[in-house]
Trainee: 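Just dropping this structure here.
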Amino acid sequence: MTDTRVRTRFAPSPTGYLHVGGARTALFNYLLARQTNGVFVLRVEDTDRSRNVAGAEQKLLDDLRWLGLQWDEGPDVGGNHGPYRQSERLTRYEECYRTLLDQGAAYYAFDTVDELDALRRDAERRKANFRYPRPTTFPSERDAQRARDEGRPVVVRFKMPAREFRVPDVILGEVAFEADALDDFVIVKSDGWPTYHCAVVIDDEDMQITHVLRGQEHLMNTPRHMALQEALGYRTPVYAHLPIILNMDGSKMGKRDKDKAVRATIKEALAAERIESASAAQLARCSSDEFAGWLKKKSQLDSEALGRLGQAVGIELPEVQVHDFRASGYLPEVLVNFLALLGWSAGDDRERYTLDELCTAFRPERIGRTNARFDRDKLLSFSTTALADAAAPRLLDGMRDYLVVNPESPLAGIQDESTLSKVLELTAGMRTFRDVETKAGAMFVDDDALQFDTAAVRKVLLKGTAPARGLDVLEALRAELARIDATGWTVAAIERVVREFAEGRGLGLGKVAQPLRVAVTGATISPAIFETLALIGMNGTLRRIDRAIEHAQSLDA
RNA sequence: GCCCCCAUCGUCUAGAGGCCUAGGACACCGGCUUUUCAUGCCGGCGACAGGGGUUCGAAUCCCCUUGGGGGUACCA
């Protein structure tokens, strides 16, 4: 029985965290499946053994789940068309390329990487287009075995038909490729594993994928896949090539961006001798040779290493992976909403959608053709309004999730729900959960561990002359606050004392609140001051004021 | 180099020949609110890449130029 339902898939490689480009591809495939009551399949494309990263598959699945894009069939949940990991489908691929070999649609080739490089360089020198030279006679099975015995690499190449290919595309219309545009490509690598082209075609057939929504970087691959489908007698799914997500500078948004940002700053830091090469290499957990190679753009470092290096030189890494946005304090639905609008619009002015609403509104025909820049300012704005509109329980959940991925946050230690809720209430107007931390974090560090921002202390406590200085105001105010009955340390009581104090001295509230703020939080930013003091408690407040006074005096000396 | 895709405010986009003196959102600028930082509210600036056609009429159709992007692997 043939299933007539739409079947889409997302097929990432387990090389690291999920990238926003991949997330958008996954989202569109998910939306199409959901809105047609179809099936969304997750397949792991792990045919490049050298690039596979341990643990990456789990991260990928976690990121996808975090976004709310649950799949119906996949490596972990199973399904009737598995296995869903390409590494578990090797015999199936072998069966197929045997067929191609037998029917003369593919042939063995024994070129080494160096030989191929030489051919390409030669073509380049002649300003000619490199095409793999198809031999006139093809090696036999026996030849292949002999080559293997001699230690030569043995691959299988597909005979790309020398005719024009027209790719029907939902977004682009029909895209034509000249007859000699593509050459004979490798379908089986010398390690015996299939290439992407080979595996993807077989899997899409086996998994009965009806619609393939993928990035435009795959456009040139599609005629290859169609040729392969023809040779194997498969049907061709509906294709839609998505516009590419770019950085604000117009370059393709990718994982390399992090390397780029860190590399630039590290180079500066090394030049200015703010950091030593040896210690930087240590942070990156690699040898000095590897580190030098990385500096020369010869390699990439993993997210964690880049994070440590970035921290050492004091830069924020650009967010490019879903996990980065999670760690920065965005709600998944915000990222989903934003991503959906990168290349798609319903045709009206509406911009805010939940995932469910997207499932209903989404139409693949309405996907745009132009590449879109990833504007973090706009995302931030989406986040701001979403957080403002979110119901308290959602906010609490989101904050919890933020703290799970940011265990070093001073807020991570908050055990009771009411305190965390209170903090969220006090930080209303936040743009991300990170804002909650920067604004309210200081309230939850130990009174004696509180760090004072020197610039803030100088500006707020030490500026001006004797009786009018913030420091003097603070000292006088401390005495007033100390008079409050410990059991009556409430917002109202604090407010009354502080306001009376300010009025009595003919000072605006700002002149009093700021010194207080710097004293109890170490910085010029905090939630409303009375609430802040109430939450810190009387002992904490007085203790912090004493420390601030001491600190200011030592700076002043 | 070659192949392919794309082209409306700085950015994301609406616009499928007359509804366009081009709409919305973000950013930006100005103002208001304010105990800090945010938030919020009001207002403003701001685009059809250029050149040819087609048509009574073009942001919308065609061609060229220019610009941007992607691909050009035993990576996916």
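This structure is a prediction, so every number in the text was calculated from the model and none was measured. Throughout, protein chains are lettered first and strands after them, A, B, ... in sequence-line order, and every chain is numbered starting at 1.
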Trainee: Is the phosphate of B/A14 approached by A/Ser345 (side-chain N or O, under 4.0 Å from OP1 or OP2)?
Mentor: yes
Trainee: Evaluate the side-chain proximity of A/Phe130 to A/Glu124: yes if any heavy-atom separation is below 4.5 Å, no if none is.
Mentor: no
Trainee: Ignoring hydrogens and angles, state whether a donor on the side chain of A/Gln514 or A/Arg517 is under 3.5 Å from an acceptor on the partner side chain.
Mentor: yes
Trainee: So does A/Lys378 get a side-chain nitrogen or oxygen closer than 4.0 Å to the phosphate oxygens (OP1/OP2) of B/U13?
Mentor: no
Trainee: Reckon A/Arg120 has a side-chain N or O less than 4.0 Å from the OP1 or OP2 of B/A73?
Mentor: yes
Trainee: Which nucleotide in the list B/A76, B/G1, B/C74 gets nearest to the side chain of A/Asn129?
Mentor: B/G1
Trainee: Please determine, for B/U21, whether a Watson-Crick or G-U wobble partner exists with both distances under 3.5 Å, and give it or none.
Mentor: none
Trainee: For B/A27, take OP1 and OP2 only and decide whether either is under 4.0 Å from a side-chain N or O of A/Ser381.
Mentor: no
Trainee: Go through the N and O atoms of the side chain of A/Arg431 and the base of B/U39, and report whether any donor-acceptor pair is under 3.5 Å.
Mentor: no
Trainee: Can you tell me which nucleotide in B/A76, B/A27, B/C6 comes closest to the side chain of A/Arg369?
Mentor: B/C6
Trainee: Nearest of B/A14, B/C3, B/C5 to any side-chain atom of A/Gln216?
Mentor: B/C5
Trainee: Between A/Phe530 and A/Thr112, which residue's closest nucleotide on RNA chain B lies nearer the 5′ terminus?
Mentor: A/Phe530
Trainee: Between A/Gln86 (CD) and B/C75 (C1'), how many Å, whole number?
Mentor: 12 Å
Trainee: Below the 4.0 Å mark, does B/G15 have OP1 or OP2 next to a side-chain nitrogen or oxygen of A/Arg366?
Mentor: yes
Trainee: Only pairs with both distances under 3.5 Å count, Watson-Crick or wobble alike; so what is the partner of B/G10 in this structure?
Mentor: B/C26
Trainee: Roughly how many Å apart are B/U13 and B/C6, using the P atom of each and rounding to a whole number?
Mentor: 14 Å
Trainee: Could you please spell out the steps behind the salt bridge (Lys or Arg N to Asp or Glu O under 4.0 Å) verdict for A/Arg125 and A/Asp122?
Mentor: CA-CA 5 Å; A/Arg125 209 172 319 114; A/Asp122 186 52; 3.2 Å; yes
Trainee: Look at the side chain of A/Ala528 and decide which nucleotide, out of B/C74, B/U35, B/C6, has an atom nearest to it.
Mentor: B/U35
Trainee: What integer distance in Å separates A/Asp435:CG from B/C37:C1'?
Mentor: 9 Å
Trainee: Choosing from B/G40, B/G71, B/U35, which nucleotide comes nearest the side chain of A/Ala513?
Mentor: B/U35
Trainee: So does A/Arg131 get a side-chain nitrogen or oxygen closer than 4.0 Å to the phosphate oxygens (OP1/OP2) of B/U72?
Mentor: no
Trainee: Counting only side-chain heavy atoms from C-beta out, which of B/A76, B/U13, B/U35 sits nearest to A/Ile529?
Mentor: B/U35
Trainee: Would you say that A/Val186 contacts A/Cys198 through its side chain, given a criterion of any heavy-atom pair below 4.5 Å between the two side chains?
Mentor: no
Trainee: Any luck finding a side-chain donor-acceptor pair between A/Asn221 and A/Tyr196 under 3.5 Å?
Mentor: no
Trainee: Which one, B/C5, B/C12, B/U39, comes nearest to the side chain of A/Thr384?
Mentor: B/U39
Trainee: For the side chain of A/Asp375, starting at C-beta, report the closest nucleotide among B/G10, B/G70, B/A76.
Mentor: B/G10
Trainee: Please state how far atom CZ in A/Arg499 lies from atom C1' in B/U35, giving the value in whole angstrom units.
Mentor: 8 Å
Trainee: Tell me whether the side-chain N or O atoms of A/Thr370 pair up with the base of B/C6 as donor and acceptor below 3.5 Å, since no angle test is needed here.
Mentor: no
Trainee: Using atom CG of A/Leu335 as one end and atom P of B/C12 as the other, report the distance to the nearest whole Å.
Mentor: 17 Å
Trainee: Using whole Å, report how far CZ of A/Phe185 lies from P of B/C75.
Mentor: 13 Å
Trainee: With a distance cut-off below 6.0 Å to the six-membered ring centre and an angular limit of 45° from the axis, does A/Arg163 pair with A/Phe165 as a cation-pi contact?
Mentor: yes
Trainee: Which nucleotide in the list B/C3, B/C26, B/C75 gets nearest to the side chain of A/Met220?
Mentor: B/C3
Trainee: With a cut-off of less than 4.0 Å, is there a side-chain N or O of A/Arg376 near OP1 or OP2 of B/A27?
Mentor: no
Trainee: Starting at the 5' end of RNA chain B and moving along, which residue's nearest nucleotide shows up first, A/Glu495 or A/Glu45?
Mentor: A/Glu495
